[in-house]
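These notes are about the structure you will find just below.
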Amino acid sequence: MSRILILYYSRTGNTEKMAKAVTEGAKTVQGIEAELEFHVDPETLADFDAIVIGTPTYHHDTTVDVKNLLEESAKQNINLKGKVGAAFGSYGWSGEAPRLILEVMKNRFEMNITEPPFLIKYTPDQIGLEKCREFGKRIAEKLMQKI
Ligand SMILES: Cc1cc2nc3c(=O)[nH]c(=O)nc-3n(C[C@H](O)[C@H](O)[C@H](O)COP(=O)(O)O)c2cc1C
């Protein structure tokens, strides 16, 4: 089994809805074990083959929790090189946060990132949730092709 972590932060529930649908989509691919979490320790990241981070944009930035995790992982030299990485999130008007995450994944951790990040404005509707499922499925398929 290949393991995908879907890690998210959400203040008002929009990115959480997206994260649940991304996880559902990833689980439809055979050979994939997808785990949805809102907090993990840096060492745990190394246990996964793909890391997908969901973050809303607040004040043109990602959230403190996500920042702390990435900073702590860098400090502890957690090796994520070559792992599949992707990012998504809900936003209101600018939506920079998932892009910032992808930059860190690529430049600091040398992960194999999927671009562009996946964004939904405010609350995902049924079509948005279906797109989230497709996004999760696409990441899972990318992982299966890599192995
Ligand atoms: C105080 C505050 C600041 C925000 N700043 C931004 C911002 O800089 N850029 C943006 O695109 N959206 C911004 N938003 C909108 C949120 O990203 C949006 O409400 C999103 O759906 C929240 O996701 P969540 O429910 O997962 O927390 C802001 C919202 C609030 C309440």
Side-chain angles (χ1 to χ4, degrees), residues 1-29 32-76 78 80 82-144 146:
M1 286 296 253
S2 297
R3 298 185 72 199
I4 299 187
L5 171 68
I6 295 102
L7 177 72
Y8 73 95
Y9 178 83
S10 184
R11 205 177 287 172
T12 60
N14 293 332
T15 306
E16 181 175 39
K17 288 191 181 93
M18 292 179 73
K20 286 180 177 166
V22 169
T23 308
E24 282 167 19
K27 281 182 175 170
T28 62
V29 177
I32 291 288
E33 195 182 293
E35 208 173 300
L36 179 67
E37 300 284 355
F38 60 84
H39 178 81
V40 294
D41 295 323
E43 316 85 65
T44 312
L45 293 178
D47 297 341
F48 291 88
D49 305 295
I51 298 164
V52 185
I53 296 186
T55 168
T57 300
Y58 283 96
H59 306 292
H60 300 280
D61 207 348
T62 182
T63 64
V64 175
D65 306 52
V66 175
K67 262 193 201 171
N68 284 348
L69 175 68
L70 294 175
E71 268 167 32
E72 211 34 55
S73 302
K75 228 187 271 175
Q76 292 180 29
I78 305 292
L80 306 179
K83 289 183 191 292
V84 168
F88 64 91
S90 172
Y91 74 108
W93 50 91
S94 57
E96 297 93 332
R99 165 75 55 197
L100 294 172
I101 299 301
L102 283 186
E103 278 177 21
V104 176
M105 284 177 165
K106 184 178 170 184
N107 298 312
R108 174 58 184 83
F109 293 102
E110 297 179 66
M111 291 174 69
N112 173 8
I113 62 163
T114 299
E115 291 183 274
F118 180 60
L119 301 175
I120 284 187
K121 201 164 183 173
Y122 292 114
T123 309
D125 58 12
Q126 284 310 313
I127 294 169
L129 289 175
E130 192 46 42
K131 285 186 178 158
C132 291
R133 288 185 200 100
E134 281 164 19
F135 177 75
K137 187 169 178 234
R138 208 162 63 238
I139 306 298
E141 284 170 347
K142 176 174 172 171
L143 180 58
M144 291 311 285
K146 197 180 147 233

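Reckoned from all heavy atoms, side chains included, excluding hydrogens, waters and symmetry mates. All residue numbers refer to positions in the sequence shown, counting from 1. When a ligand or atom number is given, it counts from 1 through the structure's own listing order.
Remark: ligand 1 and Ser90 share an N or O pair separated by less than 3.5 Å (distance only, no angle test). Taking any N or O of Thr12, backbone or side chain, at least one lies under 3.5 Å from an N or O belonging to ligand 1. Ligand 1 has no N or O atom lying under 3.5 Å from any N or O atom of Glu96, backbone or side chain. Note: no N/O pair closer than 3.5 Å links Tyr122 and ligand 1 by distance alone. When only interatomic distances are considered, the shortest N/O to N/O separation between His59 and ligand 1 falls below 3.5 Å.
Of the possible donor and acceptor atoms, none in the side chain of Ser90 sits under 3.5 Å from a partner among the backbone N and O of Pro56. Side-chain N or O atoms of Asp125 include one that pairs as donor or acceptor with a backbone N or O of Ile127 at under 3.5 Å.
Closest to atom 22 (C) of ligand 1 among all protein heavy atoms lies Tyr58 OH, 3.3 Å. Scanning the protein for heavy atoms near atom 6 (C) of ligand 1, the closest one is Trp93 CZ2, 3.2 Å. Closest to atom 13 (C) of ligand 1 among all protein heavy atoms lies Thr57 O, 3.1 Å. Annotation: atom 8 (O) of ligand 1 to nearest protein heavy atom, His60 N, 2.7 Å. Gly92 N, 3.0 Å is the protein heavy atom nearest to atom 12 (N) of ligand 1.
To the nearest 0.5 Å, atoms CD1 (Ile51) and CD1 (Ile113) are separated by 13.0 Å.
Of the candidates Gly54, Ser94, Gly95, it is Ser94 that places a heavy atom closest to atom 9 (N) of ligand 1.
Using a 4.0 Å cut-off between charged nitrogen and carboxylate oxygen, Lys137 and Glu24 do not count as a salt-bridge pair. Salt-bridge formation is not detected for the pair Glu141/Arg138: no Lys NZ or Arg NE/NH1/NH2 atom is positioned less than 4.0 Å from an Asp or Glu carboxylate oxygen.
Each of the following atoms of ligand 1 lies closer than 4.0 Å to a heavy atom of Pro56: 22 (C), 23 (O), 24 (P), 26 (O), 27 (O). Near Ser10, meaning under 4.0 Å from one of its heavy atoms, ligand 1 places the atoms 24 (P), 25 (O), 26 (O), 27 (O).
Side-chain contact between Leu143 and Val29 is absent, with no heavy-atom pair separated by less than 4.5 Å. Between Ile120 and Cys132, some side-chain heavy-atom pair lies under the 4.5 Å cut-off. The shortest distance between side-chain heavy atoms of Ile53 and Pro98 does not fall below 4.5 Å. By the 4.5 Å heavy-atom criterion applied to side chains, Val84 and Ile4 are not counted as neighbours.
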